[in-house]
Amino acid sequence: MNAIIATDLDRTMIYSRAAMGEEQFATLTTVCVEIYRDAPLSYMAEAAVELMTRLAREVVVVPTTTRTPAQYERITLPGSPFRFAVVSNGGRILVDGADDPVWRAHIENEVTRAGATLDEVRNELRTRIDDSWVTALRTADDLFCYLVVDPSAQPPEFLEQWQEWCDARGWTASQQGRKIYATPQPVTKSAAIAEVRRRLVADGTLDDSAELYAVGDGWLDTDLLLAADHAIRPRHGELESLGWSSPGLRVTAHTGALAGVEILRWFGERTGLDPVEPSDPTGRGATAGVHAG
């Protein structure tokens, strides 16, 4: 094979109803791909489901997400099962659904040398927040932490000041919607994907010349987008609000779940798949408004 695709999930491939927007949710045919607490949480446009299923049959697709393993396992992603998945923002590599202890040990050694500990970061964070705008402070995979916030009540100076504190101590801070992440700088999606690619080349699955294609919408995806031979981002999300770009970066024409359809079609075209359209390219049609579960 001559291509590997690293795809972010939330707000790139899969969307909550709020992230999709009420207009798209009402007019697109969608498929529920995640149930949480006995209720549907995340969806894909039906056209995206068809495209991803076909893409995963033809090239190496690696789901690449900040979600923890438990959060990732809630998703029924088209094209599953995937041989490799990158979770916890690169803190773990799953191989056939199981955690790879060798990679995790490597990450823990790198984090130990990087700077502040997770406890130090959490303790400092507690001194900077209060209940007037923070709903929760959570730890993910004993590796990084994040806040759940009310952006409308968030102090305007908080993020920049928190980023400065983190940067000086070997951590990265970023905001994606209602979540503000603090992650150790060695924990990156690009490093984990590079390891996955190395293994696939070593066992003969990928040609040594195989190119990396990547997509993401948030600041924690920038290292991956910069490392890719070909990169795309949706016209929404954190990177859109920041106006972030890089040489050769493609930005979708669409937003919301339609951006996911556009991204998958772009991947297919660039990796040489025959241009087979889904039954309805945008997900609209006679069954529009029906949400499969």
Side-chain angles (χ1 to χ4, degrees), residues 6-10 62-72 84-95 98-129 134 136-149 157-199 212 214 216-228 231 237-239 242 244 246:
T7 177
D8 180 42
L9 298 180
D10 292 278
V62 183
T64 307
T65 179
T66 304
R67 286 181 175 233
T68 64
Q71 292 169 333
Y72 170 70
F84 289 99
V86 169
V87 298
S88 298
N89 201 58
R92 291 191 189 273
I93 294 174
L94 303 182
V95 184
D99 181 51
D100 178 8
V102 175
W103 179 253
R104 180 61 176 202
H106 165 75
I107 285 294
E108 290 177 351
N109 288 336
E110 291 294 305
V111 170
T112 298
R113 293 197 292 264
T117 66
L118 177 59
D119 284 342
E120 289 170 340
V121 172
R122 286 185 304 195
N123 290 338
E124 175 65 24
L125 192 51
R126 289 189 183 99
T127 70
R128 296 169 177 258
I129 62 176
V134 175
L137 166 57
R138 295 174 180 161
T139 298
D141 204 6
D142 295 322
L143 190 62
F144 59 94
C145 59
Y146 63 94
L147 299 174
V148 181
V149 305
E157 71 282 357
F158 171 79
L159 183 60
E160 182 177 357
Q161 293 176 357
W162 180 233
Q163 287 172 327
E164 291 176 357
W165 187 93
C166 286
D167 187 60
R169 292 161 179 83
W171 284 63
T172 298
S174 68
Q175 183 162 4
Q176 298 185 49
R178 297 182 61 241
K179 294 181 179 179
I180 299 176
Y181 291 92
T183 59
Q185 289 177 0
V187 180
T188 63
K189 293 179 176 180
S190 59
I193 283 292
E195 174 63 14
V196 170
R197 184 187 183 281
R198 183 193 68 79
R199 296 184 191 187
L212 172 62
D217 72 304
W219 186 256
L220 292 176
D221 298 307
T222 54
D223 65 287
L224 179 62
L225 297 176
L226 291 170
E238 183 183 18
L239 296 185
L242 293 172
W244 188 86
S246 64

For Trp219, does the CH2 atom sit with more than 12 other heavy atoms under 6.0 Å from it, leaving out its own atoms? no
In chain order, what residues pass the side-chain contact (heavy atoms from CB on, under 4.5 Å) check against Arg126, with sequence neighbours excluded? Arg122, Asn123, Leu137
Evaluate whether atom CD of Glu157 has more than 12 neighbouring non-hydrogen atoms of other residues, nucleotides or ligands under 6.0 angstrom away. yes
Where Asp141 and Pro69 come nearest, the two heavy atoms and their spacing: OD2-CD, 4.0 Å
Is any side-chain heavy atom of Trp165 closer than 4.5 Å to a side-chain heavy atom of Val121? yes
Please test Arg128 against Gln161 for side chain to side chain contact (heavy atoms under 4.5 Å, CB included), starting from the C-alpha separation and ending with a verdict. CA-CA 10 Å; Arg128 296 169 177 258; Gln161 293 176 357; 4.1 Å; yes
Mind checking what makes side chain to side chain donor-acceptor pair (under 3.5 Å) contact with Asp10, not counting sequence neighbours? Arg67
In chain order, what residues pass the ring pair (Phe, Tyr, Trp, His ring centres under 6.0 Å) check against Tyr146, with sequence neighbours excluded? Tyr181
Asp8 and Gly216: which non-hydrogen atoms are nearest, and at how many Å? CB-CA, 3.8 Å
Using 0.5 Å steps for rounding, measure from the CG atom of Leu125 to the SG atom of Cys166. 7.5 Å
Which residues share a side chain to side chain donor-acceptor pair (under 3.5 Å) with Thr64, sequence neighbours left out: none
Just so I know, are the side chains of Glu238 and Trp244 near enough to count as touching, which here means a heavy-atom distance under 4.5 Å? no
Could you list the residues that satisfy salt bridge (Lys or Arg N to Asp or Glu O under 4.0 Å) with Glu120, not counting sequence neighbours? none
Listed partners of Glu195 passing salt bridge (Lys or Arg N to Asp or Glu O under 4.0 Å), at least two apart: Arg198, Arg199
Smallest heavy-atom separation, Gly91 atom then Ile107 atom, equals O-CG1, 3.9 Å
Any donor and acceptor pair, going by atom type alone, linking the side chain of Asp100 with main-chain N or O of Ile93 inside 3.5 Å? no
For Asn109, check side chain to side chain donor-acceptor pair (under 3.5 Å) against everything at least two apart and list the hits. none
Minimum heavy-atom separation for Ala6 to Ile193, with atom names? CB-CD1, 3.7 Å
d(Leu224 CG, Thr222 OG1) to nearest 0.5 Å is 9.0 Å
Backbone of Asp217 reached by a side-chain donor or acceptor of Asp221 within 3.5 Å: yes
Hits for salt bridge (Lys or Arg N to Asp or Glu O under 4.0 Å) against Arg138, two or more places apart or cross-chain, chain-then-number order -> none
Mind checking what makes side-chain contact (heavy atoms from CB on, under 4.5 Å) contact with Asp99, not counting sequence neighbours? Arg92, Leu94, Arg104
Contact check, side chains of Thr183 and Thr66, non-hydrogen atoms, under 4.5 Å: no
Which residue pairs pass the ring pair (Phe, Tyr, Trp, His ring centres under 6.0 Å) test when at least one of the two sits in residues 103-127, sequence neighbours left out? Trp103-His106
So do Phe144 and Ser88 actually touch side chain to side chain, heavy atoms under 4.5 Å? yes
For Ala173 and Gln163, which heavy atoms make the closest approach, and how far apart are they? O-NE2, 3.2 Å
My understanding is that only residues two or more places apart in sequence, or in another chain, count here; which of them pass side chain to side chain donor-acceptor pair (under 3.5 Å) with Glu164? none
Side-chain heavy-atom pair Leu225, Leu239 within 4.5 angstrom cut-off: yes
Take Leu118 and Trp171, measure what side chain to side chain contact (heavy atoms under 4.5 Å, CB included) needs, and give me the verdict at the end. CA-CA 10 Å; Leu118 177 59; Trp171 284 63; 3.8 Å; yes
Note: Leu9 and Thr65 closest approach over all heavy atoms is CD1-CB, 3.9 Å
With sequence neighbours left out, what residues match Val149 under side-chain contact (heavy atoms from CB on, under 4.5 Å)? Trp133, Val134, Leu147, Pro151, Gln154, Gln175, Ile180
